[in-house]
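Predicted, not measured: the structure shown is a model, and the values here were computed from it. The sequence lines fix the lettering, A, B, ..., with proteins before strands; numbering per chain opens at 1.
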Number of protein chains: 2
Amino acid sequence: MSAAEAETAARMFKALGDPVRLRLFSAVASHEGGEACVCDISDVGVSQPTVSHHLKKLKEAGLLTSERRGTWVYYRVEPSVLAAMGQLLAIPAAA
Amino acid sequence: MSAAEAETAARMFKALGDPVRLRLFSAVASHEGGEACVCDISDVGVSQPTVSHHLKKLKEAGLLTSERRGTWVYYRVEPSVLAAMGQLLAIPAAA
DNA sequence: AGGCTGGTTCGACGTGTGTCAACATGGACT
DNA sequence: AGTCCATGTTGACACACGTCGAACCAGCCT
């Protein structure tokens with residue numbers, strides 16, 4: 001594994017390396033229709049600005065995409081990135 | 001996903017959220033026999049104490065186990081933890 | 001015993017990260 | 001227009017993290 005590959009992949013793992021972000025990500029992923037508005041998932045024990053901050057981090061890492069529809073902002077998971085991470089873990093597991 | 005579950009899982013993702021650790025982990029996993037001694041994988045661009053520090057972090061996260069055999073210390077991946085992480089990513093990918 | 005090589009631990013330094021309160025933005029509704 | 005509500009942004013602070021050099025431990029070798 002090259003240094004550049006590691007840099008890219010580590011950014012994704014790092015994005016999930018926080019309990020709050022992991023719960024937010026899981027909440028979006030398991031929500032009906034694969035998308036959720038912020039108001040539905042902001043009960044994770046931290047203040048609302050902190051939720052927004054973490055969602056921004058997840059978006060920067062490429063794990064989520066956001067879209068504004070009227071008053072609310074909806075977040076959706078990016079399946080391709082998820083598959084890449086899963087494959088990265090599956091290879092050593094098979095060996 | 002509960003707060004306790006997120007805490008545990010986030011520790012594993014966080015452990016892989018560093019390029020150096022990701023390369024070390026990948027090197028151990030892809031090494032012959034599923035195990036590697038530190039001297040075989042310590043060419044990742046950082047000093048040797050730093051390598052030891054990161055290996056300790058991976059061990060604390062439950063991703064690696066270490067065993068001393070004579071002069072050398074061998075590290076090995078923990079397959080069960082790997083499978084748990086993969087499942088955590090596979091569930092949202094399928095939905 | 002004494003030295004040599006491989007690994008770990010310690011102490012310290014700079015940087016990054018998570019968190020919040022306060023403020024700004026942007027759309028809906030009257 | 002003007003107000004309200006849902007989000008995002010900014011600034012600031014404490015804490016954790018990555019990194020290194022130096023000191024320290026654990027086995028082999030002569």
Notebook entry, point to check: Residues from residues 39-49 of chain A sitting under 4.0 Å of DNA chain C, heavy atoms only?
Noted result: A/Val46, A/Ser47, A/Pro49

Notebook entry, point to check: Tell me, which of residues 11-18 of chain B have any heavy atom that sits under 4.0 Å from an atom in DNA chain C?
Noted result: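 Contacts with DNA chain C under 4.0 Å: none.
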
Note to self: Can you pull out every side-chain hydrogen bond (donor to acceptor under 3.5 Å, both in side chains) where at least one residue sits in residues 6-23 of chain A? Sequence neighbours excluded, please.
What the structure shows: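 Applying side-chain hydrogen bond (donor to acceptor under 3.5 Å, both in side chains) to every pair that reaches into residues 6-23 of chain A, excluding sequence neighbours, yields A/Arg21-A/His54.
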
Taking all heavy atoms of [X] and all of [Y], pick out the closest pair and write down the distance.
X: B/Ala61; Y: B/Ala15; answer: CB-CB, 3.6 Å
X: B/Met12; Y: B/Leu63; answer: O-CD1, 4.0 Å
X: A/Leu16; Y: B/Phe13; answer: O-CB, 3.7 Å
X: B/Ala9; Y: B/Leu88; answer: CB-CD2, 3.8 Å
X: A/Gly62; Y: A/Val81; answer: O-CG2, 3.3 Å
X: B/Leu89; Y: A/Gly86; answer: CD1-N, 3.9 Å

Check: How is B/Tyr74 classified with respect to the nucleic acid when contacts are heavy atoms under 4.0 Å: base, sugar-phosphate, or nothing?
Finding: nothing

Next item on the list: Any chance you could lay out the side chain to side chain contact (heavy atoms under 4.5 Å, CB included) test for A/His53 and A/Val46, step after step, and finish with the verdict?
Entry: CA-CA 11 Å; A/His53 169 70; A/Val46 295; over 6 Å; no

Notebook entry, point to check: Using a heavy-atom cut-off of 4.0 Å to chain B, what are the terminal contacting nucleotides of DNA chain D, in 5' to 3' order?
Noted result: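 The contact span of chain B on DNA chain D goes from D/dC17 to D/dC28.
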
Notebook entry, point to check: Along DNA chain C, 5' to 3', what are the outermost nucleotides having an atom less than 4.0 Å from a heavy atom of chain A?
Noted result: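 Nucleotide range with atoms under 4.0 Å of chain A: C/dT17 to C/dA28.
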
Next item on the list: Dump the intermediate steps for side chain to side chain contact (heavy atoms under 4.5 Å, CB included) on A/Leu55 and A/Val51, then the final yes or no.
Entry: CA-CA 6 Å; A/Leu55 287 172; A/Val51 170; 3.9 Å; yes

Checklist line | Test side chain to side chain donor-acceptor pair (under 3.5 Å) applied to A/Thr50 - qualifying residues, sequence neighbours left out | finding: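 Listed in chain order: A/Ser47.
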
Margin query: Let's see if you get this right: which residues in residues 54-72 of chain A place a heavy atom under 4.0 Å from DNA chain D?
Written below: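 By residue number: A/Lys56, A/Thr71, A/Trp72.
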
Checklist line | Pairs involving residues 48-66 of chain A, ordered by first then second residue, that meet salt bridge (charged side-chain N to carboxylate O under 4.0 Å, His left out) (sequence neighbours left out) | finding: none

Checklist line | Partners meeting side-chain contact (heavy atoms from CB on, under 4.5 Å) with A/Ser2 (sequence neighbours left out) | finding: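 A/Ser2 satisfies side-chain contact (heavy atoms from CB on, under 4.5 Å) with A/Ala4, A/Glu5 once adjacent residues are dropped.
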
Next item on the list: Show the numbers, then the answer: is there a side chain to side chain contact (heavy atoms under 4.5 Å, CB included) between B/Leu82 and B/Phe25?
Entry: CA-CA 11 Å; B/Leu82 218 59; B/Phe25 180 78; 3.3 Å; yes

Notebook entry, point to check: Taking atom OG of A/Ser52 and atom CG of A/Leu24, what is their separation to the nearest 0.5 Å?
Noted result: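 If I round to the nearest 0.5 Å, the distance is 10.5 Å.
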
Enumerate, atom names and distances included, each donor-acceptor pair closer than 3.5 Å involving a side-chain atom of residues 33-41 of chain B, sequence neighbours excluded.
residue: B/Glu35; atom: OE1; partner: B/Arg76; partner atom: NH2; Å: 2.4
residue: B/Glu35; atom: OE2; partner: B/Arg69; partner atom: NH2; Å: 2.7

